[in-house]
Amino acid sequence: MGSPFSADAGFDAVLAGRLVEPVFQPVVALSDERPVGFEALARGPEGRFHEAPALFAAAARAGRSAELDWLCADVAGRRYREADVPGLALFVNLNPDTLGTDPPDELVEAYMELTQEREVVVEITEQSVMREPARLLNAVIDARSRSARIALDDIGADPSSLAAMPLINPDIIKLDRSVIQSRSRPWAVSQVVNAVLDEAQRRGAQILAEGIERREDLDVARALGATLGQGWLFGRPGPLPERIARSDQPLARVRPRGHVRATPFEVLAGDAQVHPCTSEMYATMAGNIEMQAAQTTNPGILAVNLGDGELGDDARIGYNQLASRGIDVFILGSRVTPQPGGRIRGVPLSANDPLVRERTVLFVGSRYGSGAFAHRGSTDPLDGYRAGVCYDADKVIEAMLTLVNRLPN
């Protein structure tokens, strides 16, 4: 048996020679089954790296996935700019880890030119979206500043990432083929579909159904609320066609969420009732939010700011239990270490961070948001707090984003 190195010996040559060719699959409006755009997919040179799974698997083994991603985006963008496809969007796939890296300088210029001439939709796979959330969300903000739309891909392949959907705030939500073709368990399909429909209704996003291969799949997609579709029924990946009867259906563009570098208290205190509160009273309020996290059967994100307090052993055990059930747990504080233990992720705060004088527990899921928040007016730890609770999902998500901004890139 050959070594992994010998098996991938030709991969370096693929990158060095830019030996990647784009193929394009139509994305259609289900109302008239005409294209609104094309998704760019990649093919390597003839041989072992021709098919995309083998090509990207080799990149992962070589630790060069981001480099391959950027190369594929570059060649697809150049080909799309050369084609005569006015009014049709280009859908480009980028892994969350890729978005967390800086693109090559020449690609930045090409990307800016492309977005000036064409509609661009950046597709983010839902896998690993919470690995480096601050870097990912900054990349999303940057993409939107260049007029690109955001699509969240493969929703339903792994329901654990549904909780990140409100933070990413996609313009287009792509239902995985396993949902459309009923290859998932009924309860999982119901969980995914309900979360997606709720997000689409609240934010004005569009639902795109993948894997439409038969007329029966098309019926399912429409029944699930999809207005866009993709699959072999409408066309297989290949060259861009010379003539295209374009759909008149526009692509959605959601309202971006605020990404101010404030604090949860500043975000929430303006709309929620705030009262004087002792440390004990706040602990009860925070405990109620954490109890919701403990009782939910859905994926979620729990962010806890301890301020200048310490993470006790009992709390550490409890948070690790939540993390073991698929809830992403972030603990912030001036006495918190980057690795508090187990699956918890720690975020140390500097002594002059305004969060040091606050306490916060925020819980965000795919269809809900709740939080307890408190602020101490003085530096004396014996002084009481002003505190409140909030169950407005959009406000809690906005407050969560102020904490995500502090996560290390």
Side-chain angles (χ1 to χ4, degrees), residues 14-15 18 20-25 27 37-44 52-53 55-60 62-81 89-116 118-155 157-158 161 164-165 167-176 205-206 208 210 228 230 237 251 253-254 256 404 409:
V14 172
L15 291 182
R18 296 173 60 87
V20 175
E21 280 293 312
V23 290
F24 300 90
Q25 185 175 34
V27 175
F38 287 83
E39 179 180 354
L41 303 168
R43 297 291 184 267
L55 182 66
F56 283 91
R64 305 181 71 179
S65 295
E67 190 175 348
L68 176 61
D69 257 3
W70 289 127
L71 171 60
C72 292
D74 187 23
V75 296
R78 293 177 188 275
R79 186 67 55 82
Y80 213 69
R81 287 187 65 203
L90 171 64
F91 289 67
V92 180
N93 288 280
L94 290 174
N95 187 282
D97 292 339
T98 300
L99 284 169
T101 66
D102 294 326
D105 292 340
E106 65 273 14
L107 181 56
V108 174
E109 182 178 353
Y111 178 51
M112 291 180 66
E113 293 175 354
L114 177 65
T115 54
Q116 291 170 0
R118 300 282 194 271
E119 300 268 11
V120 176
V121 181
V122 176
E123 292 195 23
I124 303 171
T125 176
E126 71 157 356
Q127 300 174 19
S128 306
V129 293
M130 292 304 293
R131 183 176 297 163
E132 291 187 333
R135 191 184 295 273
L136 172 61
L137 291 176
N138 285 334
V140 168
I141 295 170
D142 180 69
R144 283 206 161 106
S145 73
R146 303 176 192 275
S147 78
R149 290 176 173 83
I150 302 298
L152 192 56
D153 199 7
D154 298 332
I155 290 293
D158 179 6
S161 292
M165 183 167 57
L167 299 183
I168 295 174
N169 191 29
D171 303 278
I172 298 170
I173 305 169
K174 299 188 72 173
L175 286 174
D176 187 72
Q206 283 173 309
L208 191 160
E210 297 182 289
L228 302 175
Q230 190 174 0
L251 294 179
R253 190 180 292 278
V254 304
V404 172
N409 286 324

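Keep in mind it's a predicted model, so treat the numbers as computed, not measured.
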Heavy-atom side-chain contact between Glu123 and Val92 under 4.5 Å: no
Whether Phe38 and Phe24 hold their rings parallel, tilted or perpendicular, with breakpoints at 30° and 60°: perpendicular
Ile172 side chain reached by Ile150 side chain, heavy atoms, under 4.5 Å: no
From CD (Glu67) to OG1 (Thr98), nearest 0.5 Å: 10.5 Å
Side chain to side chain contact (heavy atoms under 4.5 Å, CB included) between Ile155 and Asp176, intermediate numbers included: CA-CA 5 Å; Ile155 290 293; Asp176 187 72; 5.9 Å; no
Donor on one side chain, acceptor on other, Gln206 and Asp171, under 3.5 Å: no
Candidate pair Lys174 and Gln230, rule side chain to side chain contact (heavy atoms under 4.5 Å, CB included), full reasoning: CA-CA 9 Å; Lys174 299 188 72 173; Gln230 190 174 0; 3.0 Å; yes
Residues Arg43, Glu21; criterion salt bridge (Lys or Arg N to Asp or Glu O under 4.0 Å); working and verdict: CA-CA 5 Å; Arg43 297 291 184 267; Glu21 280 293 312; over 6 Å; no
Where Val75 and Val20 come nearest, the two heavy atoms and their spacing: CG2-O, 4.1 Å
Straight-line distance of Ile124 CD1 to Asp154 CG, nearest 0.5 Å: 12.0 Å
Within-4.5 Å side-chain heavy-atom neighbours: Asn93 and Phe56: no
Inter-residue atom distance Leu251.CG - Arg149.CZ, 0.5 Å rounding: 5.0 Å
SB check Glu113 Arg78 (cutoff 4.0 Å): no
Worked check of side chain to side chain contact (heavy atoms under 4.5 Å, CB included) between Arg144 and Val254: CA-CA 10 Å; Arg144 283 206 161 106; Val254 304; 3.5 Å; yes
Nearest non-hydrogen partners of Pro170 and Ala205, listed with the distance: O-CB, 3.4 Å
Under 3.5 Å: donor-acceptor pair, side chain of Tyr80, backbone of Ala40: no
Heavy-atom donor-acceptor pair, Asp69 side chain to Asn95 backbone, under 3.5 Å: yes
Verdict with supporting geometry, Ile173 and Met165, side chain to side chain contact (heavy atoms under 4.5 Å, CB included): CA-CA 9 Å; Ile173 305 169; Met165 183 167 57; 3.9 Å; yes
Heavy-atom donor-acceptor pair, Arg253 side chain to Ser147 backbone, under 3.5 Å: yes
CG-CG distance between Leu94 and Asp153, expressed to the nearest 0.5 angstrom: 11.0 Å
4.5 Å side-chain heavy-atom contact, Leu208 and Glu39: no
Pairwise distance CG(Leu114) to CG(Leu90) - rounded to 0.5 angstrom: 6.0 Å
From CG (Leu55) to CG (Leu68), nearest 0.5 Å: 4.5 Å
